[in-house]
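What follows is one structure encoded as structure tokens, with my remarks underneath.
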Number of protein chains: 2
Amino acid sequence: MNEVLKQGSATTASRIYEMLRQDLLDGRYAAGERLSIALLRETYEVGLSPLREALSRLAAYGLLRQENQRGFRVLELSRDELADITEMRRQLEGKALELAVKHGDEEWESQLLAANHRLLKACSHTPVVEWEELHSRFHNALVAPCGSVWLLRFISQLHDQFDRYRRSAPRAQGLRHQLDAQHQELVELALARNARRARELLEEHITLSSEVAQESCR
Amino acid sequence: MNEVLKQGSATTASRIYEMLRQDLLDGRYAAGERLSIALLRETYEVGLSPLREALSRLAAYGLLRQENQRGFRVLELSRDELADITEMRRQLEGKALELAVKHGDEEWESQLLAANHRLLKACSHTPVVEWEELHSRFHNALVAPCGSVWLLRFISQLHDQFDRYRRSAPRAQGLRHQLDAQHQELVELALARNARRARELLEEHITLSSEVAQESCR
DNA sequence: TTTCTAGTAAAAATCGATTATTTTGCTTAG
DNA sequence: CTAAGCAAAATAATCGATTTTTACTAGAAA
């Protein structure tokens, strides 16, 4: 097979995993919905084995729930869990940002400026999914040099959980400008190496997002 | 099929998952080892599909790594990662214990005393695996009423990671008495609702375990 | 002797078919 | 008319066979 094609092709299972993860985050499937194996096979045009492996991974990751002999379900949304996720994000991302401000080098500063620039440019003229992608990248770039692999892992996982709430909230898009302003300010505080203020603002930022996201419940 | 038997039987995949998880924690498979699918099929006497689903879940959980078309490997042990896991445990379990001391009720106090009692009784006269089980239960009971599902989830995950290091350390068994003494003291501080001192001691406890666990690397 | 390549063996990944379980809809007794 | 029980359909879970990919080995050319 062609070398270039070979590079791009991971296993079928991991491709399905990524597609399903995106669609779950985008709210393509309703909270609590049961996912029919047969339907998914048709939708994603894949065989049974790789599909089930992808679903198993998503269940372990926390985006799906597997019931005894009753297949896979999308997890429900609840205010209590959103509060839990929000508080965990505040603490973990806050801590990570403090560490990142302490350890981040010039390369980090460049990446951060670049990520913020791309995000601002995509503010209103690009499709939602693209802004979401850039938004994730920005928050990831912010805490990347914190020095802890496990901290970053948990943060990503919570981010995915949070996005399920945020993206299904009706008013989510209207807040973009306000959030972007906070992103801008976060970059400035980070470059100024003001760890304490940066952390405080990030926690405010998360709380604000959470208030909007609440509208997705009930 | 019989009702009682029905109760006990989860899916084949989840049974394999639990067995493999236990064996990985017990160090039955060497760090970095490649797991042969065919061999695993014979060992656990299962079919291909549920086995692969279990392996996929374990990979998502962080006990295995799946390489492109090269199957599943046990994750390596490294001092850096142990340090990372230890620091994360200190912070997350410390925080959780503070919350548990604040929110725990009488039921919690009873459970805690019971778990500690069982652990002390099993100190030297029972097989290792049983002590390990009771040890996990004790630490779980300690932080259980912290009020955050996600915090508990991350703590369990880190505990499993940590155990891979601790259980393969040669001197791990000799420390039991010292650790048990700390467990005793933790219970007393918890019942006395001394959140600050309890947290400090738990962090010491984790650090002590970590020093022993280090011997499993290189 | 070393390096490259073709061929073969081994292993992983995927597929379609089969089996077991749950859900649904109909029938019948109360 | 309701509800329990049974049969049929639908769906999930598992299995063995097939396909694809990688790892190994031997032989030829430099």
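The structure displayed is predicted, hence computed values, not measured ones. Heavy-atom basis, side chains included; hydrogens, waters and symmetry copies ignored. We name chains A, B, ... by the order of the sequence lines, and we start the count at 1 in each one.
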Pull out every protein N or O sitting under 3.5 Å from an N or O of nucleotides 7-9 of chain D, one pair per line with the distance.
none

Next item on the list: Could you list the residues that satisfy side chain to side chain donor-acceptor pair (under 3.5 Å) with Ser210(B), not counting sequence neighbours?
Entry: Thr86(B)
Expected list for residues 53-63 of chain B: side-chain donor-acceptor pairs under 3.5 angstrom, two or more places apart:
{"residue": "Glu53(B)", "atom": "OE1", "partner": "Arg52(A)", "partner atom": "NH2", "Å": "3.2"}
{"residue": "Glu53(B)", "atom": "OE2", "partner": "Arg52(A)", "partner atom": "NE", "Å": "2.6"}
{"residue": "Ser56(B)", "atom": "OG", "partner": "Arg52(B)", "partner atom": "O", "Å": "2.8"}
{"residue": "Tyr61(B)", "atom": "OH", "partner": "Asp160(B)", "partner atom": "OD2", "Å": "2.8"}

Check: For Arg79(B), what residues pass the side chain to side chain donor-acceptor pair (under 3.5 Å) criterion, not counting sequence neighbours?
Finding: Gln214(B)
Next item on the list: Could you name each residue pair satisfying salt bridge (charged side-chain N to carboxylate O under 4.0 Å, His left out) that touches residues 118-134 of chain A, not counting sequence neighbours?
Entry: Glu132(A)-Arg166(A), Glu132(A)-Arg167(A), Glu133(A)-Arg137(A)
Using atom names, set out every protein N or O paired with an N or O of nucleotides 12-16 of chain C below 3.5 Å, distance rounded to 0.1 Å.
{"residue": "dA12(C)", "atom": "OP1", "partner": "Arg34(B)", "partner atom": "NH2", "Å": "3.3"}
{"residue": "dA12(C)", "atom": "OP2", "partner": "Ile37(B)", "partner atom": "N", "Å": "3.3"}
{"residue": "dA12(C)", "atom": "O3'", "partner": "Gly71(B)", "partner atom": "N", "Å": "3.4"}
{"residue": "dA13(C)", "atom": "OP1", "partner": "Asn68(B)", "partner atom": "O", "Å": "3.4"}
{"residue": "dA13(C)", "atom": "OP2", "partner": "Arg52(B)", "partner atom": "NH1", "Å": "2.6"}
{"residue": "dA13(C)", "atom": "OP2", "partner": "Arg52(B)", "partner atom": "NH2", "Å": "3.0"}
{"residue": "dA13(C)", "atom": "O5'", "partner": "Arg52(B)", "partner atom": "NH2", "Å": "3.4"}
{"residue": "dT14(C)", "atom": "OP1", "partner": "Thr12(A)", "partner atom": "N", "Å": "2.4"}
{"residue": "dT14(C)", "atom": "OP1", "partner": "Thr12(A)", "partner atom": "OG1", "Å": "2.5"}
{"residue": "dC15(C)", "atom": "OP2", "partner": "Gly47(A)", "partner atom": "N", "Å": "2.9"}
{"residue": "dC15(C)", "atom": "N4", "partner": "Ser49(A)", "partner atom": "OG", "Å": "2.7"}

Checklist line | ring pair (Phe, Tyr, Trp, His ring centres under 6.0 Å) partners of His205(B), counting only residues at least two apart | finding: His139(B), His183(B)
Note to self: Restricting to side chain to side chain donor-acceptor pair (under 3.5 Å), what partner residues turn up for Trp150(A), sequence neighbours left out?
What the structure shows: Glu81(B)
Checklist line | Net bend of the helix from dT1(C)-dA30(D) to dG30(C)-dC1(D), end axes of five pairs each, nearest 10 degrees | finding: 10°
Notebook entry, point to check: Does Glu203(A) come within less than 4.0 Å of Arg199(A), counting only side-chain N to carboxylate O?
Noted result: yes
Check: Atom CD of Glu42(B) to atom C1' of dA11(C): distance rounded to whole Å?
Finding: 13 Å
Notebook entry, point to check: Does anything in residues 29-50 of chain A pair up under salt bridge (charged side-chain N to carboxylate O under 4.0 Å, His left out), and if so which pairs, sequence neighbours excluded?
Noted result: none
Checklist line | Set of side chain to side chain donor-acceptor pair (under 3.5 Å) partners for Arg164(B), sequence neighbours left out | finding: none
Check: Partners of Tyr29(A) by ring pair (Phe, Tyr, Trp, His ring centres under 6.0 Å), sequence neighbours excluded?
Finding: none
